[in-house]
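What follows is a short report on a single structure.
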Number of protein chains: 2
Amino acid sequence: MKIGQATIKDIAKALNVSSSTVSRALKDYPGISDETKKAVKELAKKMNYRPNAVALSLRKSKSNTIGVIIPEIVHFFFSTVISGIEEVAFKEGYNVILSQTNESYNREINSVNTLLASQVDGLLVSFTKETNDFEHFNDLLERNFPIVFFDRISEKINATSVIVNDFSGAYKATEHLIQQGDTKIVHLAGPSNLLISKKRLEGYLAALRDNGIPIDDQLIIECPKGTQEESYLTMLDFMRKRQDITGIFASNDLAASGAMKAAQELGKQVPSEIGIVGFSNWQFSSLINPPLSTVEQSGFKIGETAAKLLIDQINFMNEHPVYPFTEIMDATLLVRASSLKK
Amino acid sequence: MKIGQATIKDIAKALNVSSSTVSRALKDYPGISDETKKAVKELAKKMNYRPNAVALSLRKSKSNTIGVIIPEIVHFFFSTVISGIEEVAFKEGYNVILSQTNESYNREINSVNTLLASQVDGLLVSFTKETNDFEHFNDLLERNFPIVFFDRISEKINATSVIVNDFSGAYKATEHLIQQGDTKIVHLAGPSNLLISKKRLEGYLAALRDNGIPIDDQLIIECPKGTQEESYLTMLDFMRKRQDITGIFASNDLAASGAMKAAQELGKQVPSEIGIVGFSNWQFSSLINPPLSTVEQSGFKIGETAAKLLIDQINFMNEHPVYPFTEIMDATLLVRASSLKK
DNA sequence: TTAACCTATGCAATCGATTGCGGTTTCGAT
DNA sequence: ATCGAAACCGCAATCGATTGCATAGGTTAA
């Protein structure tokens with residue numbers, strides 16, 4: 001193994017006592033003389049003793065490790081989620097084992113198996129886009145294995161989940177544009193098969209309706225790919241035809257930045273002539289010029305919340321049953337320069 | 001523990017044989033009748049038996065787990081590195097435990113201890129900006145514990161490392177600016193205790209020297225934090241005093257974008273009046289206006305390489321000693337609009 | 001017939017730490 | 001002097017899997 005880490009036995013041998021005594025001394029159990037305790041602790045320190053977590057896991061049937069399954073690591077949102085998870089896990093004394101699926105269903109199955117074999121105490125999961133069959137999760141849930149899902153959820157799974165309030169985020173963003181005086185607001189929508197796209201579109205529509213603004217179907221433009229390039233080209237074309245546009249709400253920041261580029265290229269001032277709001281608060285959003293207003297879905301908080309819920313479940317599952325619920329995190333509007341007309 | 005995972009004992013009991021037999025049958029050891037093997041394997045499958053990795057780790061003194069210590073997870077470069085590490089680890093049957101230090105030295109010490117207690121077989125490390133004392137690593141290295149450093153290295157550590165060719169990257173970037181006609185080139189340097197900062201500075205200096213351009217110490221400005229804000233403020237101030245600046249080479253993209261913002265705010269056209277080149281090719285670099293020229297360092301490859309080297313070391317350290325060396329990955333210049341004057 | 005041998009399996013120790021259950025001292029009280 | 005009770009500490013089992021060694025039973029050759 002390692003570099004001959006000192007074990008309890010080593011201490012015991014050196015001090016001519018039993019390992020039981022060493023174990024108890026280290027944990028300040030009663031029934032060990034102060035003298036012995038002192039000697040043990042001193043030697044432990046000197047030998048740089050570190051309890052072997054593997055042995056502990058085996059003995060206690062608890063690994064103090066949680067597994068995280070995500071589609072991609074290189075993704076601003078997911079990496080912030082991981083960061084939040086890691087923070088909470090660290091504080092609570094848990095290790096985090098990471099497994100990325102690259103959006104592959106088979107890899108997901110594989111990850112679950114590997115993590116289970118590693119005796120993780122629970123799982124934090126955002127499944128792949130391919131995943132339609134949830135047996136591998138439902139099997140575990142039925143056996144009361146702790147799992148918390150985040151960001152991506154399904155009605156086919158009855159488990160604790162953490163997601164963002166897309167509807168309300170989109171509503172706030174649209175309402176903000178309206179308050180800036182906009183009435184002709186384009187919505188750059190995401191792929192219509194994703195639940196989040198639908199929710200964001202609904203939020204946009206509701207805000208218009210509630211403010212008495214007529215809905216113009218032409219202003220709802222789907223950008224299935226969601227790249228900067230795509231929305232840049234789309235909006236370049238569209239804004240040439242429709243000179244009356246005064247606001248854009250994009251369902252993601254990349255699309256928003258593409259639209260911004262198109263507007264600037266057409267000589268439209270942002271924000272004075274066209275206000276723009278994105279969604280997600282990617283890292284680059286604050287770095288572009290003008291800085292992009294956006295809806296923040298704090299991956300960090302999602303990660304924190306999911307991790308806390310999971311660890312709670314792990315700690316208390318023996319005391320009471322678990323009632324699955326869905327935690328809907330508030331999305332907050334982040335107003336920056338790109339939408340401020342006043 | 002878990003959900004009552006089936007163990008070897010369960011199989012043994014059900015089949016009325018000893019656990020030794022089950023163990024051997026599962027691994028096709030000789031000396032077990034085909035009949036028994038078949039029965040064992042079938043039951044194992046039916047009971048969904050998965051070998052307990054914790055028990056195996058204890059027995060074999062090998063956890064098949066590697067620890068990754070990084071300053072930040074939410075960082076384009078580091079997240080790509082992690083991704084590369086994870087890919088290789090997965091293929092080789094290793095788990096990855098992640099620990100982020102948030103650039104805190106104490107947290108780094110803590111991470112090392114936690115990971116060691118978890119009996120990881122090796123460590124992949126990029127230390128914090130605060131880290132000046134390397135005892136905690138050198139102790140381990142002396143005891144032949146496998147560690148591979150990446151991105152950030154130090155002469156105080158004699159271990160296998162993977163870095164990008166910062167010197168050559170910086171050289172290329174600076175030379176590119178010179179070719180665009182710049183002679184008054186500011187270098188926004190990183191924290192001077194990081195070797196990468198030094199190397200980049202050296203590359204900058206060498207390119208100037210080789211092209212017969214006098215070195216002006218005033219043009220070398222340290223930005224220890226490396227944030228956009230910092231370089232924005234610094235350059236705003238500096239460019240007011242020095243109107244003759246025509247080019248900026250920043251040791252990272254954030255600093256470059258801050259400088260770009262400052263230049264634009266002062267009414268200087270980028271790139272025509274001031275050419276700017278960054279370093280690292282962060283995701284946002286291609287999205288800002290104008291898109292930022294930068295030096296690309298493939299985090300994914302670095303991660304892959306570091307993980308391979310580490311796993312090699314783990315596998316072969318008993319067969320032959322380890323000779324530390326430094327793998328230098330090539331960095332390529334990515335020319336975008338921000339530096340193209342022609 | 002019996003020693004020699006092979007096949008198939010079990011025993012028990014091991015990895016490191018924990019813990020229920022006893023077992024020795026030691027000391028004070030009667 | 002004797003008894004009882006603290007005060008201290010050790011034995012051994014346990015977690016799950018592996019593995020060197022032993023052994024039961026059967027076969028074969030001399």
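None of the values given here were measured: they were computed from a predicted structure. All chains are named by letter (A, B, ...) in the order of the sequence lines, taking the proteins before the strands, and each is independently numbered beginning at 1.
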Query raised in the report: Does anything in residues 154-164 of chain B pair up under salt bridge (Lys or Arg N to Asp or Glu O under 4.0 Å), and if so which pairs, sequence neighbours excluded?
Result: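 Listed by first then second residue: B:Glu155-B:Lys198.
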With the criterion being N/O to N/O and under 3.5 Å, what pairs connect the protein with nucleotides 11-13 of chain D, and how long is each?
residue, atom, partner, partner atom, Å
D:dC11, N4, A:Ser20, OG, 2.8
D:dA12, N6, A:Ser20, OG, 3.4

Could you give the [atom1]-to-[atom2] distance, from [X] to [N], as a whole number of Å?
{"X": "A:Lys13", "N": "C:dA17", "atom1": "NZ", "atom2": "C1'", "result": "15 Å"}
{"X": "A:Lys27", "N": "C:dG20", "atom1": "NZ", "atom2": "P", "result": "12 Å"}
{"X": "A:Tyr49", "N": "C:dG16", "atom1": "OH", "atom2": "C1'", "result": "7 Å"}

Write down the protein N/O and nucleotide N/O pairs, taken from nucleotides 4-8 of chain C, whose separation is under 3.5 Å; answer none if there are no such pairs.
none

Query raised in the report: OP1, OP2 of C:dC15 versus side-chain N and O of A:Lys9: anything below 4.0 Å?
Result: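 Result: yes.
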Report task. Carefully, step by step, assess A:Ser99 and A:Ser111 under the rule side chain to side chain donor-acceptor pair (under 3.5 Å). Result -> CA-CA 6 Å; A:Ser99 192; A:Ser111 293; 2.8 Å; yes
Query raised in the report: Which part of the nucleic acid, if any, lies within contact of B:Val17, taking any heavy atom under 4.0 Å across all strands shown: a base, the sugar-phosphate backbone alone, or nothing?
Result: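 Here B:Val17 touches the backbone only, sparing every base.
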Query raised in the report: Checking all strands, does A:Pro30 fall into the base, sugar-phosphate, or nothing category for heavy-atom contacts under 4.0 angstrom?
Result: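 Answer is nothing: A:Pro30 stays at 4.0 Å or more from every strand.
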Query - Results of ring-ring contact (aromatic ring centres under 6.0 Å, His included) for A:Tyr29 - residues two or more places apart only - result: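 A:Tyr29 satisfies ring-ring contact (aromatic ring centres under 6.0 Å, His included) with no residue once adjacent residues are dropped.
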Query raised in the report: Considering residues at least two apart in sequence or located in another chain, which fulfil the ring-ring contact (aromatic ring centres under 6.0 Å, His included) criterion with B:Phe134?
Result: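 Scan of B:Phe134 (ring-ring contact (aromatic ring centres under 6.0 Å, His included), adjacent residues dropped) gives B:Phe127.
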Query - Intermediate values then yes/no, side chain to side chain contact (heavy atoms under 4.5 Å, CB included), A:Ile314 and A:Lys62 - result: CA-CA 10 Å; A:Ile314 293 170; A:Lys62 178 150 189 305; 3.8 Å; yes
Query - Nearest-nucleotide comparison on DNA chain C, the residue closer to the 5′ end among B:Val22 and A:Leu56 - result: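 Its nearest nucleotide being more 5', the pick is B:Val22.
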Query raised in the report: Got a sec, which pairs hit ring-ring contact (aromatic ring centres under 6.0 Å, His included) with one end in residues 88-119 of chain A, sequence neighbours left out?
Result: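 Applying ring-ring contact (aromatic ring centres under 6.0 Å, His included) to every pair that reaches into residues 88-119 of chain A, excluding sequence neighbours, yields A:Tyr105-A:His136.
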